Structure formats: structure tokens, C-alpha cells
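Data block below; observations after.
From a predicted model like this one, the values you see are computed outputs, not experimental measurements. Only heavy atoms go into these numbers, but all of them, side chains included; no hydrogens, no water, no symmetry mates.
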Amino acid sequence: MSFPLLTATAALPAVGAIATAAVPAARRTAAKWLALLVSLATLALAVTVLVRFDPDGSRYQLTESRAWIAEFGVRYELGVDGIGVALIALTALLMPFIILAGWHDADPLETKSSRWRPTQGFFALILAVEAMVIISFAATDVFLFYIFFEAMLIPMYFLIGGFGDRAHAGSDENASAQRSYAAVKFLLYNLVGGLIMLAAVIGLYVVAGNFSLPEIAEARANGSLDMATNTERWLFLGFFFAFAVKAPLWPLHTWLPNAMGESTAPVAVLITAVVDKVGTFAMLRFCLGLFPEASKWATPVILVLALISIIYGALLAVGQRDIKRLVAYASISHFGFIILGIFAMTSQGQSGATLYMVNHGISTAALMLVAGFLISRRGSRLIADYGGVQKVAPVLAGTFLIGGLATLSLPGLAPFVSEFLVLVGAFARYPVVGIIATIGIVLAALYTLVLYQRTMTGPVKPEVSAMPDLRVRELVVVAPLIALLIGLGVYPKPLTDLVNPAVKHTMSDVQQKDPKPDVEAAK
């Protein structure tokens, strides 16, 4: 039997989470180092997965399949395509930076809430989320995917509710109430989506007789499984609703600004750069893979919702006074672009959407983590409390600017390529949709540049006059992310070569071909 590489990649952070939680309370530093070492070892395994994966090989590789709950046809079944490999690599890459950035976020405070801030628990929960996300990206059994899709809500609930932003440290009771509200809202929204999906998962089993994604897809291709039109549409809606909540897509997005605003910056990155990607990934793998006809049937409505997300999220970002909520609304706009690319049903759109998942993860991590360093120095999330930071902390301001420019998809930085492909793919099949979506680009430039102007330029406010610049640990967090943004912006070919074959398979699932350019109309 070959070495179960995917299982090992997910199991290592799970075991690391248990070991970190078991470290004695007095040895907080040891728990931090253990979590960091486990995340680095997981990254090494993820790189091994990346190296062993052949983009031109079979669709699902490094496969594992074992009997699990035989009575119900449930198997422990794993396998990755190029999209899954890219997102596993993103997850493993970001975790060491998340842990380093949150190095002191769970140190005890001299307040009542200190009992909710056990250092070991904080880092153990982060590793637990990593394990569940990796399994979700690798699962090819629908029931296995569902279990971890839902299970990751529990550690995330405690990370949001138990380890909040220290910018609220001066008003302990109010801060605790806001964190609790954000955590409960996150949990309820996602649980409702999960319960609806569970009904659809059961319905899929009744129709197909098993939960294996490859087997169901093969049965549909050879005609041995023929879903009734209404049945397929109802099942699709059950799956899509859960993924749209996780994504998050308007109007199911309202939990995200609260969750990101009340979380520490590293946990906010974990939410939007890692966990939320499970929703958009699942749209590609499960919605389009299992329900191709229903996906095409629902496309017009989904495109409208995606456009609303793009413009609505950007407009609300423009009007925000809170730095972290601004990034949250900007992310809603970016997820609108990702979903637009997925349901444009073109190879350019879906390749762009996949690249957007990866590049948005890196750019949001860079911007949010630098914003977290800024907030920790001043003790406030309000934009109005800053001014002139670039004169006293030029390196912090410079990295903040690069992260912001990546967020607005400046040419030469990684998100530009993905956003360009999404718009090209959308315009090729739905020209009006592509044109409207470009409004989001203009608004992104507005909220990003206004944020930088108000916080970093102008007269130096007395409260920031003694602000220190980035420290060595913080530079170690930010510098590699900036380098990746520039590297993938200048040379995205390795990433496109990885995901394009998987996109071709997805296009084949929905029996779509790229529309031919209208040469006569262009003359």
C-alpha cells in the first residue's frame, strides 16, 4: 500500500492540535513553538503533495479509499485535482504566518476575560481548523466532505468568541458581548446552511445509492444515473445554499463583517483567506460536478447575486470607518468576482476564479496582518484615529500600501491576473455582466487609496508619533507574502499550469465550451 500522503498532511496538524492543547499551562512559549513547528512540517507535506501531483495526469491523484460506514455506502475517500492541490498548498503556506502573527494574541490579560485566553487552546484550535480544511479540499466522498465542512465551525466559533480583538481591551464586558454576538451569528448562519445541505446529501444518496463523487460522475456520464430535472435542481439548491453562506455571497454575507471585526487579525485571515475558500471550492467540485444541468439552470440568478456582491461589498467598504470591517466588505466584493468566474462557464472565468482564490488568500493575509500590527500599536480599529504613519513607521506603511494595491488588483501583483481572467471569461459569454463587474474595480481603487491616505499620509497625529516600525518577527510574516504577490503577479504560469487541466474537466462536466470570438462584430 502506498504512503497515504493526503491523510498524513491532514493528520499532522490534527495530532499537533492535541499535543499543543496538552502542553502544561505554565509553558505557553513551548506551545507556540510546537504549533509553529507542526505548521512548518505540514507545509513540507503540502509541498510534497504539490511536487508529486502531475497536472497532465489523471483527474484525481494521490487517491485513498477505505471502507468507513459500509451500511450506508460511506467511504473514507480522498483525492486531489489541480484546484484542490493549489488550495491545500495555500492553506499550509498561510498557517505558519498566521501563527507567527498571532504569537502574543492569546497571552493572558489582566482582565476577567483572561480565563478565555489560554495560549495553548488558541494555537491548538488554529491547527484543528487547518486539518479540517485540508480534508475538505481532498475529500471525494460527499458525506466525508460534509462532516469536516461542518466540524470546522466548532473551533472557529471558539476562536471568534474566545479570542477577540484587543483593540477592545479597555471595555471588557462590551467587547465580550460583541465577540459572543459575532461568534453566535457565524455559527447560526453556517449551521442553517449545513442543515439544508445535509437534507440534500441524504437526497443524493437516495438517488445515487452512494456518496462517491467519481462514481456518481461516471454514472451520470454513462447514463446509468439519470436524475429527474426537479430532483437535480432541489439537490443543487441544497448544496449551493450552504456553500453560498460559507463563501459568503450576498445576501447571506452579513456574518462576515462581524466575525472579522471581532476576531484577532490572524483569525480574520483564517476566516476569509482559508475557511471561506471551502465554499467557493465546493461550488466547483460538487455543484458543477454533481449537478451540471441544475448549475446551468441557476446561472442567471447566481450571476446577478455575484454582481450585487461585487458592487455592494465595494460600496460598503468605501463608507467604512473600521479598518477590519473595510477589509471584510472588500472580501465580499472579491468573493463576488470568484463566484462570477465560476458560473461564467468559461475556461478563462473558472481558471481566473481558481487563481483568485489563491491570490486573494495571499493578498488579504498581507493586508490584514499588517493592519493587525498597526491596530495592536495604536489600540484602535478606527481609521480616524490614524494619520501620518508613513513618517514614523515607513516599512509598515510600505507593506500596507503593497497589500492594499494587491487588493485593488494593480497590474504586476498577483490578483490582477486572476481578476483579468474572470472579467475576460465573463465578458466572453455575458458581455453586460462583464461590463457591470468592472465597476467593482473602480470602487476597489477608491476604498483602498482612501484608506491609505487617511491612515498613512498627512500630519502625524500625537497618538502615533511614537509608533515603532515593523519588528523582525513581523517582517518574517509580511516579507514572504509580499514576495509571493510580486512573483505570482509577474510570472503566474506555474499556477495556471496547475489548475487549467482541472478546469477543463469541470467544463466537461457541465458540457460547456468557450464561446468563439465574434470576429465580424469586432471589425
Side-chain angles (χ1 to χ4, degrees), residues 1-19 37-69 73-96 126-152 155 210-218 270 274-275 277-282 284-286 289-290 354 357-358 361 494-495 498-499 501-503 505-506:
M1 183 180 295
S2 60
F3 180 72
L5 185 56
L6 293 177
T7 294
T9 306
L12 181 57
V15 173
I18 297 171
L37 290 174
V38 169
S39 69
L40 291 171
T42 305
L43 176 58
L45 286 176
V47 170
T48 305
V49 171
L50 187 63
V51 170
R52 289 188 56 185
F53 182 82
D54 179 11
D56 298 319
S58 58
R59 180 171 188 176
Y60 296 112
Q61 299 178 35
L62 306 175
T63 55
E64 304 172 31
S65 183
R66 296 174 180 82
W68 185 18
I69 310 175
V74 180
R75 298 186 63 82
Y76 177 80
E77 203 169 70
L78 304 180
V80 286
D81 58 5
I83 300 170
V85 167
L87 292 173
I88 288 173
L90 171 70
T91 301
L93 172 70
L94 291 180
M95 285 301 166
I126 290 175
L127 291 175
V129 172
E130 179 180 19
M132 294 174 185
V133 169
I134 290 173
I135 282 285
S136 298
F137 288 141
T140 55
D141 182 278
V142 177
F143 193 79
L144 177 68
F145 168 83
Y146 172 78
I147 287 177
F148 287 96
F149 179 81
E150 287 294 279
M152 70 180 71
N210 65 78
F211 295 106
S212 173
L213 176 62
E215 289 183 18
I216 295 173
E218 183 180 355
L270 189 62
V274 177
V275 171
K277 298 300 188 302
V278 177
T280 48
F281 164 79
L284 274 169
R285 173 168 282 192
F286 296 103
L290 292 171
T354 304
M357 289 187 233
V358 176
L495 194 52
L498 179 65
V499 304
V503 167
H505 286 297
T506 305

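Between F143 and W68, the shortest heavy-atom distance links the atoms CD2-CZ3, 4.5 Å. Contact detail for L144 and A139: the closest heavy-atom pair is CD2-CB, 4.0 Å. Residues V38 and P13 share a closest heavy-atom pair of CG1-CA, 3.8 Å. Residue A128 comes nearest to A17 through the heavy atom pair N-CB, 3.8 Å, listed as atom of the first residue, atom of the second, then distance. Taking all atoms of both residues into account, the shortest heavy-atom contact from A41 to L12 is CB-CD2, 3.5 Å. The nearest pair of heavy atoms linking A131 to A10 is CB-O, 3.2 Å.
Here the side chains of L87 and L90 are in contact, with some heavy-atom distance below 4.5 Å. The side-chain heavy atoms of P4 and R66, taken from C-beta on, include a pair separated by under 4.5 Å. Between L5 and L45 the shortest side-chain heavy-atom distance falls below 4.5 Å. For the pair V80/R52, no side-chain contact is recorded, criterion being any heavy-atom separation below 4.5 Å from C-beta on. Side-chain contact check for E77 versus P214: some heavy-atom pair is nearer than 4.5 Å. The shortest distance between side-chain heavy atoms of M95 and L270 falls below 4.5 Å. At least one side-chain heavy atom of V133 sits less than 4.5 Å from a side-chain heavy atom of V278. Proximity of L78 to D141: side-chain heavy atoms (C-beta onward) are nowhere separated by under 4.5 Å.
Rounding to the nearest 0.5 angstrom, the gap separating the CD1 atom in I88 from the OG1 atom in T42 is 11.5 Å. Note that the CZ atom of F211 and the CZ atom of F145 stand 14.0 Å from one another [nearest 0.5 Å]. Taking CD of E150 as the reference point, atom OG of S136 lies at 10.0 Å (rounded to 0.5 Å). Distance CZ/R75 to OG/S212: 8.0 Å, rounded to 0.5 Å. For the atom pair T280 OG1 and R285 CZ, the distance stands at 12.5 Å (nearest 0.5 Å). The CD1 atom of I134 sits 6.5 Å away from atom OG1 of T9, with the distance rounded to the nearest 0.5 Å.
Between F281 and F137, the angle of the ring planes goes over 60°, which puts this pair in the perpendicular group of the 30/60° scheme.
A donor-acceptor contact under 3.5 angstrom links the side chains of T7 and E64, judged on distance only. Side-chain contact of S39 with E130: a donor-acceptor pair under 3.5 Å is absent, judged by distance alone.
Side-chain N or O atoms of D81 include none that pairs as donor or acceptor with a backbone N or O of A502 at under 3.5 Å.
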For the pair N210 and V74, evaluate side chain to side chain contact (heavy atoms under 4.5 Å, CB included) and give the outcome as yes or no after the intermediate values.
CA-CA 7 Å; N210 65 78; V74 180; over 6 Å; no

